[in-house]
Asks: 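One structure follows; several queries about it will come next.
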There are 4 protein chains.
Amino acid sequence: MTIRRYTLTISCPDRTGIIAAVSGFIAQHGGFIVEASYHTEQEAQRFFMRQEIRADSLPFDAAEFHRRFSALSDEFNMDWQLSDSALKKRLVVLVSKQDHCLDDLLHRWRSGELQVDIPCVISNHEDLRSFVEWHGIPFIHVDMANKEAAFQRISALFEEYRGDAMVLARFMQILPPWLCQRYPGRVINIHHSFLPSFVGAKPYHQAYQRGVKLIGATCHYVTDELDAGPIIEQDTVRIDHGDTVDDLVRYGRDIEKTVLSRGLRYHVEDRVLVCGNKTIVFR
Amino acid sequence: MTIRRYTLTISCPDRTGIIAAVSGFIAQHGGFIVEASYHTEQEAQRFFMRQEIRADSLPFDAAEFHRRFSALSDEFNMDWQLSDSALKKRLVVLVSKQDHCLDDLLHRWRSGELQVDIPCVISNHEDLRSFVEWHGIPFIHVDMANKEAAFQRISALFEEYRGDAMVLARFMQILPPWLCQRYPGRVINIHHSFLPSFVGAKPYHQAYQRGVKLIGATCHYVTDELDAGPIIEQDTVRIDHGDTVDDLVRYGRDIEKTVLSRGLRYHVEDRVLVCGNKTIVFR
Amino acid sequence: MTIRRYTLTISCPDRTGIIAAVSGFIAQHGGFIVEASYHTEQEAQRFFMRQEIRADSLPFDAAEFHRRFSALSDEFNMDWQLSDSALKKRLVVLVSKQDHCLDDLLHRWRSGELQVDIPCVISNHEDLRSFVEWHGIPFIHVDMANKEAAFQRISALFEEYRGDAMVLARFMQILPPWLCQRYPGRVINIHHSFLPSFVGAKPYHQAYQRGVKLIGATCHYVTDELDAGPIIEQDTVRIDHGDTVDDLVRYGRDIEKTVLSRGLRYHVEDRVLVCGNKTIVFR
Amino acid sequence: MTIRRYTLTISCPDRTGIIAAVSGFIAQHGGFIVEASYHTEQEAQRFFMRQEIRADSLPFDAAEFHRRFSALSDEFNMDWQLSDSALKKRLVVLVSKQDHCLDDLLHRWRSGELQVDIPCVISNHEDLRSFVEWHGIPFIHVDMANKEAAFQRISALFEEYRGDAMVLARFMQILPPWLCQRYPGRVINIHHSFLPSFVGAKPYHQAYQRGVKLIGATCHYVTDELDAGPIIEQDTVRIDHGDTVDDLVRYGRDIEKTVLSRGLRYHVEDRVLVCGNKTIVFR
């Protein structure tokens, strides 16, 4: 991802001529389309598209793109945004004591695979300070004794560090409704079950008791209904009768970090568009 | 599976010396063990084992085995059974209109992959008569207008045809509690979702509405609680936002027949032992 | 797939403006695009696209589409074709004695899942005659004693029955180079290994000897180099040390029919575009 | 894995009575078997078994076990070993510049998931020194300018640090035959393809050129034939035409570390028994 790109994402009421209008606009300015994806959501009668355009193929910058594109976007009643690959998204990461998701995320970040900035890591425990600080990333401890005050502080830190998205990398705390509502489509959680099975606490214990033959993990946007937000990515792994709850937890860690990292990549690359409580993911 | 085998399955309270006692008994009579599997269910403090023994390596038949083994089984308080690969299990198959599971099952039967007898196929519709009869298998239509009478007839047919197991190959009818209770561990269903998600009717519609990223199927023993019996086998398949409910149904058919056929094979080969509401599957 | 559609597939040298030109042409005639996919093959500097258009949204038929589109296709130097969902493709199926792929294919055909015509099934054995004829499909036995004459006959039958594609559903015979060359991109084979591993005969034995931990199957277009043509679809399944060659064959059957059916669907729905020895598959 | 266990692994010529003799020996001393696995390798006519026994259930220690078991092992001509979970295996890890496998391995080590000692990490580059040393593990740079001298030094270091196994975590150097032969079954490599496809250099480029639809990774014991040693574990992941070589490398990293970590766990827990060029893996 070395070539600078603009990523244009659009959703609007479905009708004929949208692709022609948008691709016509881009072609008229010499824009070189690297990747193009389209989808019509039948029930909602809504159209979704995503286009990656080489920045150097356009004769103007993002601000000018906004100006010129607005006539067309008004005509089609579009919700749209243009993101610039040169401006990395800022992920504020929240963790508790378990570090498998954090380790995975920081490795992808320091290897350059995940093209983001991580302005800080917030935790309700001190355990992971040394590991985070080795990466040169500020580590902020927030005391959860007073939950309301703690979440006010977390929200303030998110603003102060200008976070684009808040990543709950096994944070193990339920966010208050006001916080969920303040950042719709910007708080990303990894839940350690194949939702909608095993909502809430101790999903691996629930899975063990039910005797399922696969377990899973779910990456989703957080809404004010617990574990019920739009699903970005999921996966499952086979277990069998010989596996204890501890084995499930161990298998689960691997799938949690895989699913979170895929979900994050889709989010960061503007591949996820939300329609009601569902997502369109242009992979 | 050309060599005749006895399959010995045992469950008993856990203690030391069980394997030694059983394998000692077999060795003492020159028995050649082809496959051996063991499992301790920690919570239940119960031990489970399965052994396949070459029939020609033992100097006596199954009846004599029963006589001689009973002292040992009494000592360890065993639930046990010995099955003979020369006596094929008899599967009575119930279907409705959809034939993907039936087609799959009959193909495995006629190719010799699934070593069972199918004494009859029962259906509440006439649609699949010709296909079943082409195989030389009796096809019996049961009118569901009076449900109670219909299930009485099904139960009577199952007895009359001396069924060992009843296979609900997308039968689409809920069995009455008395029927479930009459044949515990002998009625096998394929449910078209990854249980415990999407219990009951129209699971693919439920999955579509929830926006999950994988769908699944579950093969389980039927109990009198709907879709809540011991799970034998499950699997999932990836879908995406572009898939309609019809696509889910199409993907689902493939996974339903795969999961049912695997679950049936495990059952038929005495690989499934039930412990409470869970299964041990010695693959 | 009840609504009639035109599927437009295009490949041409890559440059800016292709999407705009094509979608502009469609929009200008009121065409409603149901599905749109694009891909640039970097090394070959070639652009590929596929569009499904509702037939009833266009004011003219396929012949008129050809006439009007030709100016544009000339300008961009396009290889292109338009297929009409109302005209089913005709698959001539070749089999030997094993019927798992044939059974799967005919089930999908008679359930309406696979929207094709099957004008005849050709075999070098008589074994599957009754099963094929039960479906009302002509079964033609071709004696392979004289291979050259046999393949001349097969080619003549393919022409006589106006086949669009020849499907080798475990035919177990190597086609002569002249036959491969006569129908490029129209002869589809299922090979029972994960190519390029285990080319040629007895791949399951080869896999067993090598001690691999997964086995696979490959659906590919046939070229005059054995098992080396463009790959359409592949998949793998886990095995372990307990599995014999017979077990591998059994697992393999399931994956062969799955992979063949997916590959066939992609081909039949014009989702496969060939670029050199690789395929673009617009799923 | 908090309870101390002895793991007994045995291979010997196949005959009747082996399980009875071994489990009889264990039962006679009150040994509590936690896990038991058996396998007969048909072609080789060899029997393999693995048993985990609670250490506190036996009235003697490992040395005494050796003494007492030898009569029985002689009688059956057994190759066998007993390992003690209290004595962690020592893994010497070799890396180059890429750190995804190393990061994964060290995370599992510091979280306690992988119960081993890592006495040192050896590399032909300095890049990963800081990360390794943060873990408190010695990092040793070996100059590869003179390959023969370098490998002599590596072998000496392996001895000096009393390594039980040498892990090539993307070391990217071909070991000389004498080194491979010195430590049979003790040098573990992760190869970035689904072997036997794409042996040697740049497997992702080879996979891209061939147009395969899945890529894989293989964990195997190193022998003096390149990428041809006994396979411990493999897995594959789906790619498509839109993926560049860089995408393959990215997907590949995830599967490499997963496959290596599984293979290592099997090895460390004495779950892998070698038979010729194949492995039995008692999962």
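So you know, we letter chains A, B, ... as the sequences are listed, proteins then strands, and number each from 1. Being a predicted model, the structure only gives us computed values, none of them experimental.
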Asks: Which answer fits Gln42(C), side chain, backbone, both or neither, if we ask what part of it has an atom under 4.5 Å from a heavy atom of chain D?
Replies: neither
Asks: Can you tell me which of Gly242(C), Ala228(C), Cys275(C), Gly276(C) forms the most heavy-atom pairs within a distance under 4.5 Å of chain D?
Replies: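 Among the listed options, the one with the most contacts to chain D is Ala228(C).
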Asks: Counting only non-hydrogen atoms closer than 4.5 Å, can you tell me which residues of residues 176-187 of chain C sit against chain D?
Replies: none
Asks: Within residues 250-265 of chain D, which positions have a heavy-atom distance to chain C below 4.5 Å?
Replies: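 Interface residues of residues 250-265 of chain D: Arg262(D).
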Asks: Is chain D contacted by the side chain of Thr218(C), its backbone, both, or neither, given a heavy-atom distance below 4.5 Å?
Replies: neither
Asks: A quick test of your reading: do over 12 heavy atoms of other residues, nucleotides or ligands sit less than 6.0 Å from CD1 of Ile174(C)?
Replies: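 Incorrect, the count does not exceed 12.
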Asks: With ring-ring contact (aromatic ring centres under 6.0 Å, His included) as the test, pick out the partner of His241(C) among Phe48(D), Phe282(D), Tyr38(D), Tyr266(D).
Replies: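 Considering Phe48(D), Phe282(D), Tyr38(D), Tyr266(D), a ring-ring contact (aromatic ring centres under 6.0 Å, His included) with His241(C) is found only for Phe282(D).
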Asks: With a strict 4.5 Å heavy-atom criterion, list every residue of residues 17-25 of chain D that contacts chain C, or say none.
Replies: none
Asks: Between Thr244(D), Asn277(D), Val281(D), which shows the greatest number of heavy-atom pairs under 4.5 Å with chain C?
Replies: Val281(D)
Asks: Under 4.5 Å between any side-chain heavy atoms of Arg283(D) and Asp240(C), yes or no?
Replies: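 The answer is yes; the side chains approach within 4.5 Å.
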Asks: Are Asp235(D) and Leu214(C) packed together at the side-chain level, in the sense that at least one heavy-atom pair is separated by less than 4.5 angstrom?
Replies: yes
Asks: Nearest 0.5 angstrom please: Arg238(C) CZ to Thr236(D) OG1, how far?
Replies: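 Result: 8.5 Å between the selected atoms.
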Asks: Using a heavy-atom cutoff of under 4.5 Å, enumerate the residues of residues 191-213 of chain C that contact chain D, numbered in order, or state 'none'.
Replies: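 The list, in residue order, reads Phe194(C), Leu195(C), Pro196(C), Ser197(C), Phe198(C), Tyr208(C), Gln209(C), Arg210(C), Gly211(C), Val212(C), Lys213(C).
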